[in-house]
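Protein chains get the first letters and strands the later ones, always in sequence-line order, with residue 1 at the start of each.
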Number of protein chains: 2
Amino acid sequence: MRKQKKGCDVPDATILRLPLYLEKLKLLQAIGVEDVSSRQLAESLDIKASQLRHDFHYFGGFSRPGRPYQVAKLVPALEKIIGIAEPVHSIIVGAGHLGQALANYQNLDVQGFPIKGIFDVNPKLIGLDFRGAVVQDMDEMEAVIDKEAVKIAILTVPAVHAQAVTDRLVAAGIVGIFNFAPMDLKVPANVAVRNERMAVGIMSLSFKVKCILQNSEEKEEAEDL
Amino acid sequence: MRKQKKGCDVPDATILRLPLYLEKLKLLQAIGVEDVSSRQLAESLDIKASQLRHDFHYFGGFSRPGRPYQVAKLVPALEKIIGIAEPVHSIIVGAGHLGQALANYQNLDVQGFPIKGIFDVNPKLIGLDFRGAVVQDMDEMEAVIDKEAVKIAILTVPAVHAQAVTDRLVAAGIVGIFNFAPMDLKVPANVAVRNERMAVGIMSLSFKVKCILQNSEEKEEAEDL
DNA sequence: TCAAAGCTGTTAATTTTTTGACAGGTCGTG
DNA sequence: CACGACCTGTCAAAAAATTAACAGCTTTGA
Ligand SMILES: NC(=O)c1ccc[n+]([C@@H]2O[C@H](COP(=O)([O-])OP(=O)(O)OC[C@H]3O[C@@H](n4cnc5c(N)ncnc54)[C@H](O)[C@@H]3O)[C@@H](O)[C@H]2O)c1
Ligand SMILES: NC(=O)c1ccc[n+]([C@@H]2O[C@H](COP(=O)([O-])OP(=O)(O)OC[C@H]3O[C@@H](n4cnc5c(N)ncnc54)[C@H](O)[C@@H]3O)[C@@H](O)[C@H]2O)c1
């Protein structure tokens, strides 16, 4: 037996590019483009064509030899690879500011992650309706996960409660956690976690801003000579 | 003259780890820890100590020879490197669901990014107060950027308007854009952009979820023999 | 006072990722 | 039909990132 199922032993860097390919391809599809070459697609994403082909090479033949990719074939192929050929049932845990914003974000649905429930401990929030999904008490969570075969939980509770909620999610059979709380979650090996750390994003931006400002100061000094 | 100011020619991968180091160090500081070795710090972040030292090596001596790092020295050093030694004045453009969530997110302030203004075109939103910052009309934006020396804009407008708003921000002297709209912004070379793409995050999670599910199916089959 | 145990900064080795190169296939056109 | 312009899949080369190794310092305890 292989250690990893086919198509799962892929570098992270490649996995992070797949959604970008898919997004761009859907855009092309929407405006009626039928064929696209690796060079065209790569250039529109500001990467090298050889990298795109290399990425696709992990998953095998997308095109007839000598011919460009067919958008209509590539889109479902990528969706299958990413795991969104079928909708991936999801829930939001924590109906605070961020949880509500996400509940209103219809792109999640469109992109294959329908929200099957929103949960919170705050009684004042229970019953609120966000685009069809009603906030429910945490007591209902396990039942909904089970009944709706929920695979992914979007975690938007305060950091102090994140681990406790995670333990419940894992026990209930959740397979993936999209974690917005600024802390590391402990989970067993058969559960995937993706941390979305805003602090990392804005601080890496800040680093670049600092460098830009330093450089422009330097340039001004040079001009003052 | 050097092509890049000291401490700016650093790999992206390293830059993305700096905020994690800082966060962990602040935590240690809060509980009174004075010294920390590269191994302790690295292990708590699930990376190799040699990588941490290698990262720090881009910026030069943080410790007296033979002695562990001093938390009280390292925290301000990292803040300076990241560019948040002084507060980095910021604004939010787009006071919709996500913009409001961010306006309420006090961590931004705490971490060195005070919100000096929130802007929107929707008259119904103007005047709303979020933790002291009031939503203003877009007409006021340039004046506030100028008056408050705003460096970073957090962009939470619909994708179709993102480029137009960006052009205004750039013209007004913004140096960094934290972009939540799912599209690529065109900016001159002396403006930094950081895209926060939720789709990339949740889809890369989905990929891993798919692999976990496939593996567990496979295992079940093996057990059924 | 000396050895052992820790520690960092630095460089070298290793691994991973990106990029380049090209064999072979397709297509449209003259 | 032959040619040039494209195309992909594949593998090799180059570049970049991670990891290991170690010199040289500090402290502790016998
Ligand atoms: N607001 C943002 O823009 C933002 C951005 C990045 C990260 N975050 C992180 O996301 C999380 C939520 O942020 P927020 O601004 O929405 O906070 P919030 O306080 O507005 O919302 C948190 C919600 O979680 C609920 N909650 C608390 N304990 C719970 C539990 N045990 N089970 C279920 N629900 C529980 C609360 O009732 C509340 O409604 C925090 O960890 C925060 O650090 C927020
Ligand atoms: N809601 C989410 O959870 C979420 C998550 C990730 C990314 N995003 C992205 O963030 C952006 C905002 O999402 P949202 O859910 O807050 O949408 P929203 O519609 O709730 O808010 C958008 C706001 O932008 C304002 N606006 C429109 N045009 C403007 C302009 N030219 N100048 C200034 N303001 C303008 C609107 O009045 C509105 O208040 C979108 O691009 C969305 O794709 C949202």
Side-chain angles (χ1 to χ4, degrees), chain A residues 3-4 6-21 24-25 28 33-75 77-78 81 200 204 207, chain B residues 3-4 6-21 24-25 28 33-75 77-78 81 200 204 207:
Chain A
K3 217 175 51 232
Q4 288 226 263
K6 176 193 141 221
C8 285
D9 193 11
V10 176
D12 263 15
T14 291
I15 297 173
L16 291 176
R17 281 188 292 266
L18 297 180
L20 304 179
Y21 298 147
K24 195 64 79 171
L25 283 164
L28 292 175
V33 175
E34 292 186 352
D35 294 336
V36 65
S37 74
S38 59
R39 192 160 48 79
Q40 288 171 313
L41 189 51
E43 265 174 17
S44 76
L45 286 163
D46 228 4
I47 63 171
K48 293 281 192 293
S50 55
Q51 173 157 84
L52 185 151
R53 293 203 300 274
H54 198 287
D55 283 343
F56 284 4
H57 183 230
Y58 286 103
F59 308 104
F62 288 147
S63 83
R64 287 164 306 177
R67 301 265 52 219
Y69 298 112
Q70 292 168 272
V71 178
K73 290 255 174 71
L74 205 41
V75 167
L78 280 174
I81 290 168
V200 172
S204 73
F207 179 89
Chain B
K3 213 170 60 230
Q4 288 226 263
K6 176 192 140 221
C8 285
D9 192 11
V10 177
D12 263 16
T14 292
I15 297 173
L16 291 175
R17 280 188 294 266
L18 297 180
L20 304 178
Y21 298 147
K24 195 65 79 170
L25 283 164
L28 292 175
V33 175
E34 292 185 354
D35 292 338
V36 65
S37 72
S38 59
R39 191 159 50 77
Q40 289 171 312
L41 188 51
E43 266 174 16
S44 76
L45 287 162
D46 228 6
I47 63 171
K48 293 281 193 292
S50 54
Q51 174 157 86
L52 185 151
R53 292 203 301 274
H54 199 289
D55 283 342
F56 284 5
H57 182 230
Y58 285 104
F59 309 103
F62 289 146
S63 84
R64 288 164 306 177
R67 302 263 52 218
Y69 300 111
Q70 293 169 270
V71 177
K73 290 254 175 72
L74 206 40
V75 167
L78 279 174
I81 290 168
V200 172
S204 74
F207 179 89

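Of the inter-residue distances, the one linking B:Ile47 atom CD1 with B:Arg17 atom CZ reads 6.0 Å to the nearest 0.5 angstrom.
Look at NZ on A:Lys48: it is 20 Å from C1' on D:dG9, rounded to the nearest Å. In this structure, the CG atom of B:Asp9 is 10 Å from the P atom of D:dA17, given to the nearest Å. Atom-to-atom, CG of B:Asp55 to P of D:dA16 comes out at 17 Å; the value is rounded to the nearest Å. As rounded to whole Å, 10 Å separates atom C1' of D:dA21 from atom CZ of B:Arg53. The CD-C1' distance, from A:Gln51 to D:dT10, rounds to 16 Å in whole Å. Between the CG atom of B:Leu52 and the C1' atom of D:dT18 there is a distance of 13 Å, rounded to whole Å. What separates CD of A:Gln40 from P of D:dC6 is a distance of 11 Å, to the nearest Å. Computed from coordinates, the B:Leu45 CG to D:dT18 C1' distance equals 16 Å when rounded to whole Å.
Within 4.0 Å of B:Phe62, counting heavy atoms only, lie sugar-phosphate atoms of the nucleic acid but no base atom. When heavy atoms are screened at a 4.0 angstrom cut-off, B:Arg39 is found touching the sugar-phosphate backbone but no base atom.
Ring geometry for A:Phe62 against A:Phe59 counts as parallel: the plane angle stays under 30°, on a 0 to 90° scale with 60° as the upper cut.
The shortest distance between the side-chain N/O atoms of B:Ser38 and the OP1/OP2 oxygens of C:dT8 is below 4.0 Å. In terms of phosphate contacts, A:His57 brings a side-chain nitrogen or oxygen within less than 4.0 Å of OP1 or OP2 of D:dT10. Of the side-chain N and O atoms in B:Tyr69, one or more sit less than 4.0 angstrom from OP1 or OP2 of C:dG9.
Side-chain atoms of B:Ser37 lie closest to C:dT8 of the nucleotides D:dT19, D:dC7, C:dT8. In this structure, of C:dG9, D:dA20, C:dT17, it is C:dT17 that holds the atom nearest to the side chain of A:Ala13.
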Pair B:Val71, B:Leu74 - check side chain to side chain contact (heavy atoms under 4.5 Å, CB included), show working.
CA-CA 5 Å; B:Val71 177; B:Leu74 206 40; 5.7 Å; no

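Mapping A:Pro65 and A:Asp12 onto DNA chain C by nearest heavy atom places A:Asp12 at the nucleotide closer to the 5' end. Comparing A:Arg67 and A:His54, the nucleotide of DNA chain D nearest to each residue sits closer to the 5' end for A:Arg67.
A:Ala42 approaches A:Leu52 most closely through the heavy-atom pair N-CD1, 3.9 Å. Contact record, A:Tyr69 with A:Ser38: CE1-CB, 3.9 Å, taken as the closest heavy-atom pair.
End-to-end axis angle of the helix from C:dT1-D:dA30 to C:dG30-D:dC1, using five pairs per end and rounding to 10°, comes to 10°.
Distance alone, capped at 3.5 Å, is enough to place a donor-acceptor pair between the B:Gln40 side chain and the B:Ser37 backbone.
Residues B:Tyr58 and B:Asp9 bring no donor and acceptor atom of their side chains to less than 3.5 Å of each other.
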